[in-house]
Participant: 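Would you mind keeping the following structure in view while I ask a few things?
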Amino acid sequence: MPKPLHADGPSAEPILAARALTKRFPGVLALDHVDVEVQEREIHAILGQNGAGKTTLMNILFGLVQPDEGALFLRGHQVEFRSPHDALAHGIGMVHQTRRLVSAHTVLENIVLGHPRVRGVLNLRRVAPEVEVLCNKYGFTVDLAARVWQLPEGERQWVEILKALYRGAQALILDEPTSTLTPPEVTTLLAGLQALVRDQGVTILLVTHKLPIVMAASHRVTVLRSGKVVARVRTADATEDMLVRHMIGRDIAVRTGKRSGEPGLPVLQVDRLSAVNDKGQLALQDISFSLREGEILGVAGVTGNGQDELAQVLAGLRDAVSGTVRFDGRDVTGLSPLAHWRVGIGYVPAERVEVASIAAFSLVENTALNYHFDPAFARRGLLDDARLEQLTRNILSGYDVKAPTARTRAQHLSGGNLQKLILGRVLSRKPRLLIAHLPTQGLDVEAAAFVRAALLDAKADGAAIVLISEDLDEILSLADWVAPIYEGRFGAVLPRAEADIETVGAMMAGWSAKEVRVQ
Amino acid sequence: MWELLARSLEASTIFLFAALGELINQRAGVLNVGLEGLMLFGGTTAFITAQATGSYPLGFVAGLAIGGLLGLAHGFFSITLRGDQVVSGMGLWILSFGLTTYLGNPHTGPLGLGRIASFFGLSPFFVLGVALVGITWFLLFRTTQGLAIRSVGENPAAAEGSGISVTAVRYVCVLCGGVLAGLSGAAYTLSYNPVWNYNFLMGWGFVSLALVFFSMWNPWILLAGASLFGIMWQLSLSPELVLPGVLSRYVWRMVPFAITIPILSVISTPWFRRRWGLARPEALGRPYEKS
């Protein structure tokens, strides 16, 4: 546990302080008299669920949003940030959750973009040594001439951090910095951040909902819930359980998957499956596995390693280049998506809004998306509206979807409620095989727990489930088999008992099974 | 032969000005398919003003100004109102087509002023065009402003996060694009072919638009493409000079337009997009909303 470099008594002047920040959005009190004090040279974590007000707070600190009440103080002096420009000028930098880099440009071009000192004629040869000196100072090694799209995600993040430091940032706001990284990249990031604080005197504000990150890296934690600060603690004095209670206001029961007594009948056999991505490059190579009734295969990996292609091939949305997919002994490779639904394969796409639902449609119409081909709900080409509405109501109550009516448009549902509807509509078809791609991504802790429980119920009913997720904890708590995926290949298909977090994490970063054993 | 070449290069200049403006627009992420409309309006305004005042400079100023105004109007729809850029561009073209026909009709006929001087038969506008290509290239690839423009066209969120105003950059670019389109129209009606008649441009604006895609958003390739089209156009006017008796002149006249079809087909193929995919500004045609 890192120790805070400064005592957090009232004597130390905070580098950045927010006093009584209040922000109202139509119908929502996003922040309610929030006080935050960040001491110089500390890693200060802002912890909270989705909707707790983290994003609003962060946007105010970076000048993207102006508070309705309250004020910001920088080393005791009141400041007003009308735009990110003001924040940058005061030495506050921000690294967003999604990368804000121009992928077609080089690393160097990205770093100098918008820098006030680099004006007029752009002499990159003159700027390059400056940036290199900075790299050496902070101990980063990155090829300045490389184009950003060529870099792995972990390095892109360092490019953004470097960009902020090059602009003279003394305090960095990092928004969910670990959400797209592999476990080894997370370790590198946290070590790098601690070195920045220790050796360079940088102050870091870490905004996250991930407890292990907070516990591992921060000196102090401010916990937000429903727009209010509910706890301010030193990390050394905190426990994970206590922080969870602060975050959600009570305990939540965590269910873990148990191996069913006897394995069921084989459902899915995938043999040497390969597929190409939209750019025509081989994105999935020689994937083989089989799955029985009541088993969950957890495919663990960082997005962009072939998970999209795997899910789409299994759902019939993408053609395989080679290999076969057998479902109940029957070759389903190359069958249409509709044929996949008809034989009993259900699919929960990763893109909740873009693919899985239609925002402008009502919940009934969205339910119909998985039922329009079902003779029980569509006769002679006419949808049976009354039955569909009844079905939708059953899903709303059975899956705890909070919606005013079944005729509400999907766009008015929160992410969690929309995901419950999508999951409910797929599971109500009683699929023998379910492909669930990032089913809990972006959901708050409670909705995610609900989705996981629903998956376990489906498993108990005998469904085979392919769970594709970036959340290793989720996979380890639910899956019977774990398959780390890296650059389109499974590192191995491990029984849960042999899949520990280090092994799977290393394979997600591209280590082969053999190398991991030797380590 | 020299005369034919000089005349071809003057025709190229018309394509070049308009396409260069559109290239700057598109590098900043704004697509203006109404280029032809801006050129028609700029050309007609320049023609009427020059005829009324007897002054070429005033004519050019009027043409450039109206081009810039229409560029800003397109900017207002596509940047501020975040409307559909294709719809806005088509609207501008249709509006300009109708209005210039109405305004220009009483002026049908020759301009009636002395021709603009040339260097050994070579139009001064061609020299200006080559200079503008060099300036645009330098601006886009060797200055911080150029980096800002290209970043806004690739990833506006990244640019905004770096302290660049996406809105301001895009407005400046649509203004430049509009002024250049106006210049293109004015150069047509005041120098290349100083006679006003109905729909005098006959689709040159759309050829220029195609040229931008054909150029892979690179000003130098754009210069080559514009020259090629200018030569083809001029040949189509007098095919007997090169290939006497082969095909009707009306078939030749169709050639530059016919060539745009295979070009657009090729650049739409997956192969092309894979090979040159990074050349196309990532955010082209997409309105930007601040987060």
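Just so we're on the same page: letters track the sequence lines, and every chain starts at 1. No experiment lies behind these values; they were computed from the predicted model shown. Reckoned from all heavy atoms, side chains included, excluding hydrogens, waters and symmetry mates.
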Participant: Does any non-hydrogen side-chain atom of A:V112 lie less than 4.5 Å from one of B:T144?
Facilitator: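 When only atoms from C-beta onward are counted, A:V112 and B:T144 do not touch, as no gap falls below 4.5 Å.
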Participant: For the residue pair B:E154 and A:V102, what are the closest heavy atoms and their distance?
Facilitator: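 Looking at all heavy atoms of both residues, the shortest contact is CB-CG1, 3.2 Å.
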Participant: Heavy-atom distance under 4.5 Å to chain A: side chain of B:I164, backbone, both or neither?
Facilitator: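 For B:I164, side-chain heavy atoms alone lie under 4.5 Å from chain A.
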Participant: Without swapping roles, check the side chain of A:R167 against the backbone of B:S162 for a donor-acceptor pair under 3.5 Å.
Facilitator: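 Yes; judged by distance alone, with no hydrogens or angles, the pair exists.
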Participant: Ignoring hydrogens, what is the shortest heavy-atom contact between A:R100 and B:N155? Give both atom names and the distance.
Facilitator: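 Closest heavy-atom pair between A:R100 and B:N155: C-ND2, 4.5 Å.
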Participant: What residue, out of B:A157, B:G146, B:P156, B:A283, has the most heavy-atom pairs lying under 4.5 Å from chain A?
Facilitator: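 Result: the option with the highest number of such pairs is B:A157.
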Participant: Quick one: closest heavy-atom pair of B:L147 and A:E109, and the distance?
Facilitator: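 So the minimum-distance heavy-atom pair works out to CD2-O, 3.4 Å.
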Participant: Which of the residues B:A148, B:S151, B:S165, B:A159 is involved in the greatest number of heavy-atom pairs with chain A at under 4.5 angstrom?
Facilitator: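 Looking at each of B:A148, B:S151, B:S165, B:A159 in turn, B:S151 comes out on top.
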Participant: Count the heavy atoms belonging to other residues, nucleotides or ligands that lie under 6.0 Å from CZ of B:F77, then report whether that count exceeds 12.
Facilitator: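 No, the 6.0 Å shell around CZ holds no more than 12 heavy atoms from other groups.
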Participant: Go through the atoms of A:L88 and report whether side chain, backbone, both or neither lie under 4.5 Å from a heavy atom of chain B.
Facilitator: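 Just the side chain, heavy atoms under 4.5 Å.
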